[in-house]
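Beneath this line is the structure, given in structure tokens, with notes to follow.
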Amino acid sequence: MPDPSGDLLPLARLAADAAAEFLLTQRPVSLTVATKSSPTDVVTQMDRAAESLIRQIISEQRPDDSIWGEEAGEGTGASEVRWIVDPLDGTVNYLYGLPLWSVSIAAEVRGAVAVGVVSAPALSLRYEAVRGHGATCVDRTTMISRPMRVSSIADLSQALIATGFGYRSEQREQQARIVATLLPQVRDIRRLGSAALDLCLVADGRVDAYYESGLHAWDVAAGALIATEAGAIVRGGTTDPATDALTLASAPGIAASLSAVVVAAGEGGA
Ligand code: IPD
Ligand code: CA
């Protein structure tokens, strides 16, 4: 069967950049905020509108594919391709006017993620990967692109580690205990607020590793491929709906030592 991955990348880019541009330029002064899994887990009209736009763009070109989006759920499709979409990853940052948010679009072919695009328009960056072909960072202003590679760090005590926290307070209690264990053992910790972007920053060597438990497929599908293609060791970055699993993406030199600390501290079980 022919591999359609090369054809999917331009469409993933088109949809991600259209939604990114829409979110950046059409943000109303006041956002309508509804809550989801907890009072701090929010969704705005812009999350929903961006997902509709992405669905429309993908369906116009590939009407037989299925699309699984954070806001509108999963549809059915007759083809072997499924799109996994987070229309706005980092909604809380977007709400507060902070620039660390992204649009994340992955295309799975026969159950394996083949293409991933993460567009971060407030940073003027787009990250992308096709399985087996490496990962690229594109400056959206100059359109200059460059290959990405994870950091060459080998010593956990010198590592800059990104993490994130879920929206349920009992989950956060455990996540806080893990951070308390890890923080004295590393250079520092970052909590940036967009899982998709965190994974791309590992790919680009801007942080040495990222871990979080309780993520969903739409948070990780594109970013995990991008990190893997840039040389990261990625654990649990699958599209399984096992939401409490640990996702850990790391430069190879600290993957084992970081994983040992995080797992021993119980991060996988929240
Ligand atoms: C969230 C962000 C955040 C992570 C949360 C995610 P959302 O996604 O990726 O960084 O810590 O676990 O739910 O809600 O902004 O789409
Ligand atoms: Ca998300």
Side-chain angles (χ1 to χ4, degrees), residues 3-17 19-20 54 81-86 89-90 100-109 111-154 159-162 164 190 192 194-212 215 217-239 247-255 258:
D3 179 1
S5 308
D7 301 337
L8 299 173
L9 178 63
L11 181 54
R13 263 186 208 139
L14 180 74
D17 277 348
I54 292 166
V81 175
R82 174 170 76 160
W83 298 83
I84 303 175
V85 174
D86 191 336
D89 188 46
L100 294 165
W101 51 271
S102 60
V103 176
S104 172
I105 300 184
E108 262 184 358
V109 181
V113 177
V115 167
V117 172
V118 173
S119 188
L123 305 178
S124 203
L125 295 173
R126 187 179 69 230
Y127 304 91
E128 52 189 53
V130 175
R131 184 168 297 280
H133 294 274
T136 303
C137 176
V138 183
D139 182 320
R140 294 178 77 247
T141 310
T142 61
M143 295 313 287
I144 293 172
S145 65
R146 57 182 171 78
M148 289 192 291
R149 205 66 207 157
V150 292
S151 83
S152 56
I153 192 160
L160 185 62
I161 310 289
R190 294 288 180 270
L192 301 172
S194 164
L197 208 46
D198 286 310
L199 289 161
C200 295
L201 294 172
V202 173
D204 207 10
R206 307 297 175 168
V207 293
D208 297 306
Y210 162 69
Y211 75 92
E212 184 170 345
L215 292 171
W218 48 78
D219 299 314
V220 298
L225 176 67
I226 292 166
T228 302
E229 287 296 320
I233 306 287
V234 180
R235 168 192 164 140
T238 69
T239 54
T247 299
L248 191 154
S250 175
I254 56 163
L258 175 62

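- The two atoms that bring A12 and V115 nearest to each other are CB-CG1, 4.1 Å, heavy atoms only.
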CA sep, side-chain torsions, deciding dist, call: V117, E128, side-chain contact (heavy atoms from CB on, under 4.5 Å): CA-CA 4 Å; V117 172; E128 52 189 53; 3.9 Å; yes
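- Using a 4.0 Å cut-off between a side-chain N of Lys or Arg and a carboxylate O of Asp or Glu, R190 and D208 do not qualify as a salt bridge.
- The heavy-atom pair separating L225 from A129 by the smallest distance is CD2-O, 3.7 Å.
- Atoms CD1 and CG, from I84 and D219 in turn, are 11.0 Å apart once rounded to the nearest 0.5 Å.
- Between the E229 side chain and the G134 main chain, a donor and an acceptor come within less than 3.5 Å of each other.
- Taking each heavy atom of S119 and D17 in turn, the nearest pair found is OG-OD1, 2.9 Å.
- Taking both residues in full, the closest heavy atoms of I226 and G116 are given as CD1-O, 3.8 Å, listed atom of the first, atom of the second, then distance.
- Contact check for I54 versus V103: side-chain heavy atoms found under the 4.5 Å cut-off.
- T136 and S145 form no side-chain donor-acceptor contact under 3.5 Å, judged by distance and modelled atom types alone.
- Here L197 contributes atom CG and Y210 contributes atom OH; the two are 10.5 Å apart, rounded to the nearest 0.5 Å.
- The side-chain heavy atoms of V202 and S250, taken from C-beta on, include no pair separated by under 4.5 Å.
- Note: T247 OG1 to L215 CG = 4.5 Å, rounded to the nearest 0.5 Å.
- Taking CG of D139 as the start and CZ of R126 as the end, the distance is 10.5 Å to the nearest 0.5 Å.
- A 4.5 Å side-chain heavy-atom check between R146 and M148 finds at least one atom pair inside the cut-off.
- V85 and W218 make their closest contact through O-CB, 3.5 Å (heavy atoms, listed as atom of the first residue, atom of the second, distance).
- The nearest pair of heavy atoms linking I153 to A159 is CD1-CA, 3.4 Å.
- Looking at D89, its side chain does come within 3.5 Å of a backbone N or O of A195 through a donor-acceptor pair.
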I254 vs I161, side-chain contact (heavy atoms from CB on, under 4.5 Å): CA-CA, chis, key distance, verdict: CA-CA 11 Å; I254 56 163; I161 310 289; 4.1 Å; yes
side-chain contact (heavy atoms from CB on, under 4.5 Å) between L199 and V220, worked out: CA-CA 8 Å; L199 289 161; V220 298; 4.1 Å; yes
